[in-house]
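Presented below is the structure to which this report refers.
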Amino acid sequence: MPDWVGPALRPELAGATGEIIAAVRAVVPEYARPLEGRFGERITEGVSVALHQFVDLLGVDASPGDLRVYRALGQLEHREGRTLAALQSAYQVGTRTAWRRIGGGSVARQLPPEVIFALAEALFTYVEQLGAASVAGWAYEDARNAGSVQTRRHALVELLARLPPASPAEVERVAAAASWRVPERLAAVVVEDAVAVAARLPGAVGADLDPVGVALMPVPERAVPGRTGWLDRVRIAVRERPAVVGPVVEPARAARSVARAQAAWPLHVAGLLGTEPDGLVRADEHLLALLLAAEPELAADLCERAVAPLQALPAGAAARGEQTLRAWLDAHGDVSAAAAALHVHPQTVRYRLAGLREVFGDALDDPGARLELAIALRMTNPVAPHEPDADA
């Protein structure tokens, strides 16, 4: 390699660190997480040192010297539960990104074809050596632990999810074996492919349980300025797939968070929580739905009894009645607010309510009956809008 190539490439690669990291995070799911803490430090250091060292070695008959950074990177990947496949994919994406930057720069345009080929070979061979060091670090950590970290984390999640809860001493022992620091607060995330999701969440552990996986994520006491909120991190990690977050609890009550999220899961995927089935929901925002789902026969009886008077009306009148009652109850009896929600005149609402009082009798004036009716209407699907009638 001509002596001038290395110094000339240095300014062209000055901003490549951020570009390479961005490319890796965009392509490799396990790395699509905020660059914070030890993870962010290791990744940034690894890319930066690699670029500087590559430029220094051009034109020099020597091999990379100190590979401890990349061996340590492999060990860190193992401790955080990521696979060698993810790490090797990251190296491949980083190499392609670096070569595109080099090949499209002014230095490359000044080199004859045989030198360009030699430069490409040098880059790919160099990164192979870095990758080999990381693989060695990962393998060393795997052998040192004498077992699968993920197997231990699976056991840890099952332990925290069980009732009655395990003793704090047992949780600490199993967590230490799984290389997991027990947080002061956590929340359960129920999602398919929970192990992969947990790998994208700082400090989380996951297990692909039956019928759906569970990840346990540390939740900070308060938000840190300048950092992504924990719930936004979960939203990024699940990547728009269906997921349910349980309540934030202390580790001793982890089973409560898991159970709450698991109870909401089938309702969410069925689209019964008033949200899109693809995406993230918080179980604690749907306690009424969970309460009704816990006793489906009792809930069905309540619904049938509460809306029975509507069944005696013609189909069109029943649909208008349901819409009117829903809007009126949601507006706490405010006729003007109900009319605005229905896009009709307030007098129309009064007229409809007068007709409904004839079939419901005193129920619309009884607090308990109104509560049952409000609950029953939340259990039924909204009625599709009808064409304006004479009373509109």
Side-chain angles (χ1 to χ4, degrees), residues 1-36 39-74 76-77 80 82-138 196 199-200 228 236-237 239-240:
M1 194 65 55
D3 294 341
W4 61 269
V5 173
L9 278 178
R10 191 176 300 279
E12 289 192 358
L13 294 175
T17 298
E19 183 181 345
I20 290 172
I21 292 175
V24 170
R25 295 177 66 202
V27 175
V28 186
E30 288 79 2
Y31 292 87
R33 50 181 287 194
L35 295 175
E36 299 170 354
F39 169 79
E41 293 173 0
R42 287 290 191 187
I43 296 299
T44 304
E45 179 188 23
V47 175
S48 178
V49 171
L51 291 173
H52 284 293
Q53 188 171 245
F54 175 68
V55 171
D56 290 341
L57 289 170
L58 286 175
V60 178
D61 187 15
S63 298
D66 191 353
L67 296 176
R68 285 179 297 181
V69 169
Y70 306 98
R71 185 179 177 87
L73 184 59
L76 177 63
E77 293 302 281
E80 296 201 356
R82 285 184 287 274
T83 64
L84 275 176
L87 182 59
Q88 290 169 334
S89 295
Y91 272 118
Q92 292 168 3
V93 172
T95 306
R96 292 197 301 268
T97 305
W99 177 245
R100 281 198 298 269
R101 192 176 182 105
I102 293 173
S106 60
V107 174
R109 289 193 291 271
Q110 303 174 49
L111 299 175
E114 63 272 15
V115 178
I116 285 286
F117 296 147
L119 182 58
E121 184 179 3
L123 175 63
F124 283 84
T125 302
Y126 169 68
V127 176
E128 283 180 4
Q129 295 180 51
L130 304 187
S134 291
V135 170
W138 194 96
R200 297 193 285 269
T228 306
I236 293 170
R239 296 193 164 191
E240 298 184 354

Tell me the closest heavy-atom pair linking [X] and [Y], and the distance in Å.
X      : Y      : answer
Gly6   : Val55  : O-CG1, 3.0 Å
Val69  : Gly46  : CG1-CA, 4.1 Å
Trp4   : Val107 : CZ3-CG1, 3.9 Å
Leu73  : Ser134 : CB-OG, 4.3 Å
Gly103 : Ala108 : O-CB, 3.7 Å
Ala90  : Tyr31  : CB-CE1, 3.9 Å

Under the side chain to side chain contact (heavy atoms under 4.5 Å, CB included) criterion, do Leu51 and Ile20 qualify, and how do the steps go? CA-CA 10 Å; Leu51 291 173; Ile20 290 172; 4.1 Å; yes
CD1 (Ile236) and CZ (Arg25) are apart, to the nearest 0.5 Å, by 8.0 Å
Gap between atom CD1 of Ile102 and atom CG of Leu111 - 0.5 Å precision: 10.5 Å
Trace of the side chain to side chain contact (heavy atoms under 4.5 Å, CB included) decision for Arg10 with Asp56: CA-CA 9 Å; Arg10 191 176 300 279; Asp56 290 341; 2.5 Å; yes
List for me each residue that meets side chain to side chain contact (heavy atoms under 4.5 Å, CB included) alongside Val27, sequence neighbours excluded, and say none if there are none.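 Residues passing side chain to side chain contact (heavy atoms under 4.5 Å, CB included) with Val27: Val93.
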Does [X] reach the main-chain N or O of [Y] with its side chain, forming a donor-acceptor pair under 3.5 Å?
X     : Y      : value
Arg71 : Leu130 : no
Glu12 : Ser106 : yes
Ser48 : Thr44  : no
Tyr91 : Glu128 : no

From CA spacing to verdict: side chain to side chain contact (heavy atoms under 4.5 Å, CB included), Glu30, Glu77: CA-CA 10 Å; Glu30 288 79 2; Glu77 293 302 281; over 6 Å; no
Do any side-chain atoms of residues 117-126 form donor-acceptor pairs under 3.5 angstrom with protein atoms, and if so which ones, sequence neighbours left out?
residue	atom	partner	partner atom	Å
Thr125	OG1	Glu121	O	2.7
Tyr126	OH	Ala50	O	2.8
Tyr126	OH	Gln53	NE2	3.1

Side chain to side chain contact (heavy atoms under 4.5 Å, CB included), that's the test. Do Phe54 and Val127 meet it? Break it down for me. CA-CA 9 Å; Phe54 175 68; Val127 176; over 6 Å; no
List the residues meeting side chain to side chain donor-acceptor pair (under 3.5 Å) with Glu19, not counting sequence neighbours, and say none if there are none.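 Testing Glu19 for side chain to side chain donor-acceptor pair (under 3.5 Å), a comparison that skips the adjacent residues, returns Arg101.
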